[in-house]
Structures are given as C-alpha cells and as structure tokens.
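Have a look at the structure below before the remarks.
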Amino acid sequence: FEFFAMESEQSAVSSITPSEPEQAASHPKQEKNPEQLEVVSHDLFEKLSTYLQAELSGTKDTYALLEELNTIAIDQYTNLTHSATQIKDSLHDLDVKYKLLLPYLEQLNQLDVSVASLEQATLRLDAYTKVLESKVQKIREKMSTCT
C-alpha cells in the first residue's frame, strides 16, 4: 500500500508542479489557473482519501482477525484448563484409591512371599518323601529276600 500511496502522491504532485523541462518551456512567471489547481487539488484529496480509507480498512480487518484469533485462543485455553482440572481431579481420586488399596497390596505381597516359602517347603518335603519311600522300598526288598 505504501508504494501505491507514494506513486499516487508523486503523480498528484507532478500534476500540480511541472517538472524542470516543462518549467523551462513555459513562461517563468505564468501560474496555473486557479480552477485547474482546484481540480487537481480535489483529485489529490480524493485519491489520498481513498488511500487512507483502504489503509484504515486493512488495519480494521487485521484487528478484527486478531480479535477473532484471540477469542479462539481464549476458548482453547479455557478447554485446556477444564481438561487439566478434570485430569487433576482424576489423579487425586486415583491417589486416594491407591492409598486405600495399599494395605491390601502389602498383604498380597506378604501372601506371595508366604506362598513362595510354602512352595519351597513343599518341594523339599516332596524330595524328602521320595528319599524315604526309596529307603522304605529297599528295606521291604531286603525283608522279602530274607524271608
């Protein structure tokens, strides 16, 4: 927009003031007709007014877009705040439930240790029973051969 403004201002100024070659060609003391100056001035002000209105319109549109973007951002942040609050509340609820379950989890861990210990004892007892059975079997075989 600035380039067009400068171009229109230069064309308006150049139409008001003649360039140096034009001044040399015309009479040095001759001035422009007041009616012609009025027409050129009026044209200049109309073009300047059009340019300024376009600039203001563009600025207005930019601010309207910025306002819309800000409104959308506010809505997004409001939604994110709401989601974060829900997540925080859910985490708090889970933490409370975990603390309530913690004694039971500890009991389960103790039970697991006890079961593992019982399993080891059962395996040792089973192995001992097999050794005893083999000894009893040998004793029976010796007694049956002796009889």
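Residue indices begin at 1 and follow the sequence shown.
- Within the model, atoms CD1 of I74 and CG of N79 stand 12.0 Å from one another, a figure rounded to the nearest 0.5 Å.
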Chi angles and distances behind the side-chain contact (heavy atoms from CB on, under 4.5 Å) call for I139, M143: CA-CA 6 Å; I139 292 174; M143 289 176 90; 4.0 Å; yes
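- To the nearest 0.5 angstrom, I87 atom CD1 is 10.5 Å from H82 atom NE2.
- For the side chain to side chain donor-acceptor pair (under 3.5 Å) test, residues two or more places apart in sequence or in another chain that qualify with E46 are H42.
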Worked check of side-chain contact (heavy atoms from CB on, under 4.5 Å) between D61 and L65: CA-CA 6 Å; D61 291 343; L65 180 61; over 6 Å; no
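- Distance CD/Q137 to CG/L132: 13.0 Å, rounded to 0.5 Å.
- The distance from the CG atom of L56 to the OH atom of Y63 is 11.0 Å, given to the nearest 0.5 Å.
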Per-pair distances, 0.1 Å, donor-acceptor, side chain in residues 91-116, under 3.5 Å, sequence neighbours excluded:
{"residue": "D95", "atom": "OD2", "partner": "K99", "partner atom": "NZ", "Å": "3.4"}
{"residue": "S114", "atom": "OG", "partner": "Q110", "partner atom": "O", "Å": "3.1"}

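- To the nearest 0.5 Å, atoms OG (S134) and CD (E141) are separated by 10.0 Å.
- Remark: side-chain polar atoms of S90 are paired, donor with acceptor, to backbone N or O of Q86 under 3.5 angstrom.
- In this structure, the separation between CG on L118 and CG on L125 is 11.0 Å, given to the nearest 0.5 Å.
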